[in-house]
Amino acid sequence: MIDISLQQDQYEVVPTLVQPTLVEVLKSRVKAEMTREAQLPEVHTESIDQMLRAHLASFNPESEDAEAENAFYVADLGEVYRQHLRWKALLPRIEPFFAMKCNPDPMVMRLLASLGAGFDCASKNEIQSVLEMGVDPTRIIYANPCKQNSFVKYAYANNVRMMTFDNAEELHKIKRFHPTAQLVLRILTDDSKSLCKLGLKFGAPLDTTAFLLRTAQELGLDVIGVSFHVGSGCFDANAFGEAVIRARRVFDQAKDYGFDFKFLDVGGGFPSAHITEGITFEKVATILGSTVDALFGPDVRVIAEPGRYYVGSAFTLATQVIARRTILRNETEALVAAQSEHPAHMYYINDGMYGSFNCIMFDHQACEPKVLLKDGGYTYQQRLTSEPHGWASVWGPTCDSIDCVSPKSSLPLMETGDWLYFDNMGAYTITAASQFNGFRRSEILYTTTEPEVSLHF
Ligand SMILES: Cc1ncc(COP(=O)(O)O)c(C=O)c1O
């Protein structure tokens, strides 16, 4: 439904010679709203399997349409929805604020907004896109301890009050540009059991928190609580419990400086749904939930900033084998030393390290290719028993030799035009993809394996 009601006070007075009439303003609002609705991609209700098949079936290899053979994602919004329900069931006290840096996909964002989640934003643009969805500023935490002046001003102008800090210089900046901010002191925790050690860059050591609290007190700033991040890709659930204990110490210390903390932000680092061994969300929830309850009364509001937890397993990437090189080892021609190390076949696919697979470099991921379409046969989630597998390396499409997706994978002999797929590609993939060498970001097709999700669009 398009709401065309317009209050007089919403009718902005434009300082031009010719003022638009009310009807013109209404018309342009309806147009903008219709465009916005028209731009929403379709959300299908098929399985991932059916989505992949349908897209590949619609593709004619003889056609001139280069777009059709591009790599593409299938995003299952039902998986995001299930993760939300799981969170609510296992950590009912802790409010999730989705760390949108992980994957600011507009459909994921809309779904989470309509489910009532909050958002962890790192920049002005992120804040702006959340506000544009109609999310109340109180559902945003600006969780970047080192912020650009103009971004702080933007937060002030738009009533986004919660923001983190971990140094005194930031307090002076905030005093100047956002004196009514609700500040959250980000403390350093042990992130040695994590793939991405965020403590290298952020977090106040506990021997500095007294100084920071005193500075905030002297500046007359409102510090409401503590945040931490155990590191992204955390593989030890105990890290969460230990971090909560450290936060408690700072809560107690804050009283000496006149603060009565009522806010705890337990950060991100929660595992994606496909992690079923070692650290699991169930293990984290058991340790985190019980430690929070033991150390913080019900008057303390607790939030978290999960990123990969929500989206990691929700995106599947399909890529075409665009070229194959077979290494001829017996030839007398001297092989380049580096090539002598290669497995027998080198496959080149149409997404790579400069695109979705930047997660290999930035997020320390290992991405495993699986066969999707070979010799016209469709093999999603099938074990290939018919043919012995050999070793192959898989490469992205750019001209850079760093663009290697997998140096050694067990694959059957693939031909140009066959397809590979990669599961669990939702976190820290497309968000940081570049267009290096002129390659476009892979398109996303949406489906939901949970019918309820359709009600949210
Ligand atoms: C401040 C902050 N919060 C939350 C997250 C999300 O972490 P994860 O995806 O591991 O949950 C990050 C990731 O870098 C972060 O920097």
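Each ligand, and each atom within it, is numbered from 1 in the order the structure gives. Computed from a predicted structure; not experimentally measured. One is the number of the first residue; the rest follow in order along the sequence.
Of the protein's non-hydrogen atoms, the one nearest atom 15 (C) of ligand 1 is K101 NZ, 3.3 Å. Looking only at heavy atoms of the protein, atom 7 (O) of ligand 1 is closest to H229 NE2, 3.1 Å. The nearest heavy-atom contact from the protein to atom 9 (O) of ligand 1 is Y428 OH, 2.5 Å.
Under 4.0 Å from ligand 1, not a single heavy atom of K201 appears. Contacts with ligand 1 closer than 4.0 Å are made by side-chain heavy atoms of A99 only, the backbone lying farther away. No part of F202 comes within 4.0 Å of ligand 1, judged by heavy-atom distances. Residue-level proximity to ligand 1 for N144 is absent, since no heavy atom of it falls below 4.0 angstrom.
Under a cut-off of 6.0 angstrom, the local environment of CZ in F235 is crowded, with over 12 non-hydrogen atoms contributed by other residues, nucleotides or ligands. Within a 6.0 Å sphere centred on CE of M133, heavy atoms belonging to other residues, nucleotides or ligands number more than 12.
Near A143, meaning under 4.0 Å from any of its heavy atoms, are these atoms of ligand 1: 1 (C). Near R186, with a cut-off below 4.0 Å to any heavy atom, the atoms of ligand 1 are 1 (C). Listed by number with element, the atoms of ligand 1 under 4.0 angstrom from any heavy atom of P306 are 11 (O). Residue E305 approaches ligand 1 through these ligand atoms, each under 4.0 Å from one of its heavy atoms: 1 (C), 2 (C), 3 (N), 4 (C), 5 (C), 6 (C), 11 (O). Near S232, the atoms of ligand 1 lying under 4.0 angstrom from a non-hydrogen atom of the residue are 7 (O), 8 (P), 9 (O), 10 (O). For ligand 1, the atoms closer than 4.0 angstrom to any heavy atom of G307 are 8 (P), 9 (O), 11 (O). Interface of G268 with ligand 1, defined as ligand atoms under 4.0 Å from a residue heavy atom, comprises 7 (O), 11 (O). Residue-ligand proximity, D120 to ligand 1, at heavy-atom distances under 4.0 Å covers atoms 2 (C), 3 (N), 4 (C).
With F422 as the aromatic partner, K370 does not meet the cation-pi criteria of under 6.0 angstrom to the ring centre and within 45 degrees of the ring axis. Taking the ring axis of F270 as reference, the NZ or CZ atom of R308 does not stay both within 45° of it and closer than 6.0 Å to the ring centre.
Considering only non-hydrogen atoms, atom 11 (O) of ligand 1 lies nearest to G269 out of S227, C234, G267, G269.
Between D236 and K193 there is a salt bridge, with a side-chain nitrogen of the basic residue lying less than 4.0 Å from a carboxylate oxygen of the acidic one.
Residues L288 and L91 meet the side-chain proximity criterion, which asks for heavy atoms closer than 4.5 Å.
In terms of modelled atom types and a separation under 3.5 Å, the side chain of Y378 and the main chain of R53 share a donor-acceptor contact. In this structure, W391 contributes its side chain and L411 its backbone to no donor-acceptor pair below 3.5 Å.
Checked against a 6.0 Å centroid threshold, the rings of Y354 and F439 do not count as neighbours.
Considering backbone and side-chain atoms together, G231 places no N or O closer than 3.5 Å to any N or O of ligand 1.
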*Quick one: do Y380 and Y421 satisfy ring pair (Phe, Tyr, Trp, His ring centres under 6.0 Å)? Show the steps, please.*
CA-CA 8 Å; Y380 179 66; Y421 73 98; 4.8 Å; yes

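Looking only at atom types and distance, the side chain of Y142 has no donor-acceptor partner in the side chain of S123 under 3.5 Å away.
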